[in-house]
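Read the structure below first, then the notes.
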Amino acid sequence: MKIKERIVLAKVPKGTNDILPEQIDCWYYLENKTREVLQNYGYREIRTPAFEHTELFVRGIGETTDIVQKEMFTFQDRKGRSLTLRPEGTAPVVRAYLEHNLGRENPLSKLFYIGSMFRCEKPQAGRYRQFNQFGAEAIGSPLPVIDAEIIAAALSIYKQLGLTDLKLMLNSVGCRKCRPQYLKALKDYFGEKREMLCVDCRQRYEQNPLRILDCKKEKCQLVIKKCPSIFEYLCEDCANHFNTLRNCLDNIGITYQINPLLVRGLDYYTKTAFEIVAEELGAQNAVGGGGRYDYLVEELGGKSTPAVGFAAGMERILETMLKQGIRIPVWDGIRVFIAVTSQEQVVTALSIANQIREKGISAEMDFLGKSLKSQMRTANKLQVPYVLILGSEELKENKVTIKDMVNGVQEEISLNDILAYLKKAYF
RNA sequence: GUGGGCGUAGCUCAGUCCGGUUAGAGCACUGGAUUGUGGCUCCAGUGGUCGUGGGUUCAAAUCCCAUCGCUCACCCCA
């Protein structure tokens, strides 16, 4: 094959990554801890397809959101139906909840997922086109105590992973009743000062004034600083919800920072909105976030059902773990290497290797016809604690040499004693 | 979509400013250092159209133009 062709063929698409064997232990560790913690909190795993009908996301996430407007991987199937690779996990979970009537079995469904999400953005640090998230959704309860629980579950995962110095940011974005009034107040406020806002914010002013609060531009910040606070406009229900949530969090020892400017990019949030940030990460510093979405189930065709959820970015978590120097347990590696002194013994070697493997001990041998010296080098590179050396002399007497690679000592043992010897070494 | 930085061996990079032997180093990889034995050391070897295309020149990794890729930031998010 020509070099030029190889350059294109042997290259991942932009914004995607291979996870190589040397990195896989991190992923196992993260996934296992996540499952463990979420199951302890009573959440059950659900797996939904990697793609859905486009309409699900348009309706669920919101037409005016950046995700829907410019970040979705949308394509047509052969019959012209529009499908989209899932850009987030909540809408698919709610879809599955409705499709399988999970609410009928159980008035409260506690579900979690782990999987890849897809967004067609320009990649940068901590942002990829295919990335992995885990998340949890509690569908069916309007009570603030479930908000507190799901926040606690998220924080517990980070804690179990050994992460420190994470900040929980908390806000309420109101509901159908009170948010329109706040939006009107924002419009009134920003309307007078429109000249001082950036181009993007003038656009946001028309589409979704709440988003202006998120703008990081200095001149906008000056205006935002003095804008009306959401907390002056929350209705009684929302205010009570928020206060009770705070009370719950205080009581279980979770510290948080109230940030009235915290606005999430998905339209479905109501009442509680939160974000968990790690300062190490720089520009893309959110390792997780979530909130309540009391209208989403209804929006997707179900009956009115309150719900709350969160999602976390797994690449960002691993990145933070790396920056915080957290050690991750790795695979033990191969325990026994079977070396041969000549090719006549390879079949015997294969047979012995399989016997060892069937007892649950990992074993490896040479498949390249290498010299004994070179096999020993391979064994050493694998950091194998024991090497079995099959020599013609010993085999005549049904014996093999077993070498302890740590202290370099070797002895001859009978073929029948191999398993007993290894078992003694490992159990 | 907008801007900045960077593309030389599998990896980390030197060489580029100021054009001039056959493009280098370390690590990694392969083999060897007396019969069938790893690590340390020593020796040798494999590996590069210097991202790609064009231009200037007697001569280009080096200068100019274009293009692609990577990366960081903005926007937004995980």
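All values below come from the heavy atoms of this structure, side chains included, with hydrogens, waters and symmetry mates left out. Every chain is numbered from 1 and lettered A, B, ... according to where its sequence line falls, protein lines coming before strand lines.
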Next on the checklist: For the residue pair A:Asn132 / A:Glu315, report whether a side-chain donor-acceptor contact shorter than 3.5 Å exists.
Outcome noted: yes

Checklist entry - Taking the side chain of A:Lys11 as its heavy atoms from C-beta onward, which of B:rG36, B:rC70, B:rG38 lies nearest to it? => result B:rC70

Next on the checklist: Under 4.0 Å from OP1 or OP2 of B:rA73: is there any side-chain N or O of A:Gln124 that close?
Outcome noted: yes

Item to check | Pair partner, B:rU34 [Watson-Crick or wobble, under 3.5 Å] | outcome: none

Next on the checklist: Between C1' on B:rG36 and CG on A:Leu388, what's the gap in Å once rounded to a whole number?
Outcome noted: 15 Å

Item to check | Candidates B:rC75, B:rG36, B:rG38 - which lies nearest the side chain of A:Glu394 | outcome: B:rG36

Checklist entry - Going by the angle between their ring planes, with limits at 30° and 60°, are A:Tyr269 and A:Tyr293 parallel, tilted or perpendicular? => result perpendicular

Checklist entry - Touch check for A:Glu121, heavy atoms < 4.0 angstrom, all strands: base, sugar-phosphate only, or nothing? => result base

Checklist entry - Between B:rC13 and B:rG3, how far is it from one P atom to the other, in whole Å? => result 27 Å

Item to check | Between B:rU71 (P) and A:Glu315 (CD): distance, integer Å | outcome: 13 Å

Item to check | Nearest-angstrom distance, P atom, B:rG53 to B:rU62 | outcome: 12 Å

Next on the checklist: Can you measure A:Phe337 atom CZ to B:rU37 atom P for me and round it to whole angstrom units?
Outcome noted: 15 Å

Item to check | Rounded interatomic separation in angstrom, taking CD1 from A:Ile402 and P from B:rG38 | outcome: 18 Å

Item to check | For B:rA25, the Watson-Crick or wobble partner whose two distances fall under 3.5 Å | outcome: B:rU12

Checklist entry - For A:Gly288, which contact category applies under a 4.0 Å heavy-atom criterion: base, sugar-phosphate, or nothing? => result sugar-phosphate

Checklist entry - Heavy atoms under 4.0 Å, any strand shown: does A:Glu275 hit a base, just sugar-phosphate, or nothing? => result nothing

Next on the checklist: Please tell me if A:Lys381 has a side-chain N or O lying less than 4.0 Å from either OP1 or OP2 of B:rU30.
Outcome noted: yes

Checklist entry - Looking at B:rC70, B:rC72, B:rG38, which one has an atom nearest to any side-chain atom of A:Lys403? => result B:rG38

Checklist entry - Which part of the nucleic acid does A:Ala286 contact within heavy-atom distance under 4.0 Å: base, sugar-phosphate only, or nothing? => result sugar-phosphate

Next on the checklist: Just to be sure I understand the rule, does A:Gly135 reach a base, reach only the sugar-phosphate, or reach nothing, if contact means heavy atoms closer than 4.0 Å?
Outcome noted: nothing

Checklist entry - Are the side chain of A:Gln345 and the backbone of A:Thr341 linked by a donor-acceptor contact shorter than 3.5 Å? => result yes

Checklist entry - Hey, is the side chain of A:Lys373 pairing donor to acceptor with the base of B:rU37 inside 3.5 Å? => result no

Checklist entry - Is there side-chain contact between A:Leu168 and A:Gln257, with at least one heavy-atom pair below 4.5 Å? => result no

Next on the checklist: So that I know where these two stand, are A:Tyr182 and A:Tyr233 an aromatic pair - ring centroids less than 6.0 Å apart?
Outcome noted: yes

Checklist entry - Rounding to the closest angstrom, what is the interatomic distance between B:rC40 and B:rA33 at atom C1'? => result 14 Å

Checklist entry - Any idea how A:Phe75 and A:Phe51 line up, ring-wise: parallel (<30°), tilted (30 to 60°), or perpendicular (>60°)? => result perpendicular

Next on the checklist: Looking only at side-chain N and O atoms, does A:Asn380 offer a donor or acceptor that is under 3.5 Å from a partner on A:Arg377?
Outcome noted: no

Next on the checklist: Should the side chain of A:Gln375 and the base of B:rU37 be counted as holding a donor-acceptor pair, with the cut-off at 3.5 Å?
Outcome noted: no

Checklist entry - With both distances under 3.5 Å as the test, what is the Watson-Crick or G-U wobble partner of B:rC6? => result B:rG69

Next on the checklist: If you only use heavy atoms from C-beta on, which nucleotide in B:rG31, B:rC72, B:rG36 is closest to the side chain of A:Ser374?
Outcome noted: B:rG31

Checklist entry - How far, in whole Å, is B:rU71 from B:rC27 if one measures between their P atoms? => result 29 Å

Item to check | A:Arg119 side chain, from C-beta outward: closest of B:rA78, B:rG36, B:rC75 | outcome: B:rA78

Item to check | Assigned partner base of B:rU57, Watson-Crick or wobble definition, under 3.5 Å | outcome: none

Next on the checklist: Distance check, P atoms only: B:rG48 and B:rU41, in whole angstrom units.
Outcome noted: 27 Å

Next on the checklist: Let me spell it out: for each of A:Arg127 and A:Val287, pick the nucleotide of RNA chain B with the closest heavy atom. Which residue's pick is nearer the 5' end?
Outcome noted: A:Arg127

Next on the checklist: On RNA chain B, does the nearest nucleotide to A:Asn407 precede the nearest nucleotide to A:Tyr128 from the 5' side, or the other way round? Give the residue.
Outcome noted: A:Asn407

Checklist entry - When rounded to the nearest Å, what value does the distance between C1' atoms of B:rG19 and B:rA61 take? => result 10 Å

Next on the checklist: Output the rounded distance in Å from NZ (A:Lys70) to P (B:rG1).
Outcome noted: 11 Å

Checklist entry - Between B:rG69 atom C1' and A:Lys14 atom NZ, what is the distance in whole Å? => result 8 Å

Checklist entry - Applying a 3.5 Å limit to both distances, which nucleotide forms a Watson-Crick or G-U wobble pair with B:rG39? => result none

Next on the checklist: Please give the distance between the P atoms of B:rG10 and B:rG51 as a whole number of Å.
Outcome noted: 13 Å

Checklist entry - Under 4.0 Å between a side-chain N/O of A:Ser371 and OP1 or OP2 of B:rG36, yes or no? => result no

Checklist entry - Counting only side-chain N and O atoms of A:Arg377, is one of them less than 4.0 Å from OP1 or OP2 of B:rG39? => result yes

Item to check | Check: A:Phe231 ring centre within less than 6.0 Å of A:Phe242 ring centre | outcome: yes

Next on the checklist: Is there a side-chain contact between A:Thr34 and A:Leu38 in this structure, where contact means two heavy atoms from C-beta onward sitting under 4.5 Å apart?
Outcome noted: yes

Next on the checklist: Counting only side-chain heavy atoms from C-beta out, which of B:rA78, B:rG38, B:rG3 sits nearest to A:Lys122?
Outcome noted: B:rG3

Next on the checklist: Please give the distance between the C1' atoms of B:rG7 and B:rC50 as a whole number of Å.
Outcome noted: 10 Å

Checklist entry - A:Met314 CE to B:rA78 C1': how many Å, rounded? => result 11 Å

Checklist entry - Which whole-number value in Å describes the distance from A:Asn380 CG to B:rG39 P? => result 6 Å

Next on the checklist: For a quick test of reading the model: is some side-chain N or O of A:Lys370 closer than 4.0 Å to OP1 or OP2 of B:rU30?
Outcome noted: yes

